Amino acid sequence: CVCAGTVLAQCVCAGTVLAQCVCAGTVLAQCVCAGTVLAQCVCAGTVLAQCVCAGTVLAQCVCAGTVLAQCVCAGTVLAQCVCAGTVLAQCVCAGTVLAQCVCAGTVLAQCVCAGTVLAQCVCAGTVLAQCVCAGTVLAQCVCAGTVLAQCVCAGTVLAQCVCAGTVLAQCVCAGTVLAQCVCAGTVLAQCVCAGTVLAQCVCAGTVLAQCVCAGE
């Protein structure tokens with residue numbers, strides 16, 4: 001299913017077995033790809049208002065635009081979720097098995113990666129308002145931004161949690177087995193590393209208001 005146009009108001013691809021869904025336009029108002037087995041979902045536009053990829057088995061979900069209002073990738077088995085834009089209002093990647101979740105933008109309002117098995121969660125932006133990575137098995141959680149308001153990494157097995165920003169308001173790393181917790185910022189208001197097994201906890205900042213490292 002391929003939808004291409006300069007001004008593309010609505011692009012909808014729906015099927016039980018949907019191999020390829022591509023929506024491409026300069027002004028792309030709505031891009032929806034829905035299927036039980038959805039191999040590839042790509043929404044690309046300069047002005048991309050809404051990008052939704054939903055499937056039980058969703059191999060690849062890519063939403064790319066200069067102005068990207070909403071990017072949602074949802075699936076039971078979600079291999080790759082990439083949301084990239086200059087102005088990226090909302091990036092949500094949700095799946096039971098979520099291999100890779102990447103949200104990248106200059107102005108990134110909300111980045112949420114949620115899965116039972118979450119291999120990689122990366123939220124990167126110049127102005128990053130909210131970065132949340134949540135999973136039972138969370139291998140890597142990275143939140144990076146110049147102005148980083150909130151960084152939360154939560155998992156039962158949390159291998160690596162990194163929150164880095166010039167102005168870092170809140171950094172929380174919480175897990176039962178927490179291997180590495182690093183909070184780094186010039187102005188670091190709150191740094192919390194909490195785990196039953198806490199291997200490494202680093203809170204570093206020029207102005208460091210609160211640093212809590214808790215573990216057995």
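No experiment lies behind these values; they were computed from the predicted model shown. Nothing fancy with the numbering, it's 1 onward along the sequence.
SG atoms of C53 and C73 are separated by 2.5 angstrom or more, inconsistent with a disulfide link. The SG atoms of C213 and C201 sit under 2.5 Å apart.
Tested against T126, the residues T106, L148, T86 include a single side-chain contact (heavy atoms from CB on, under 4.5 Å) partner, T106.
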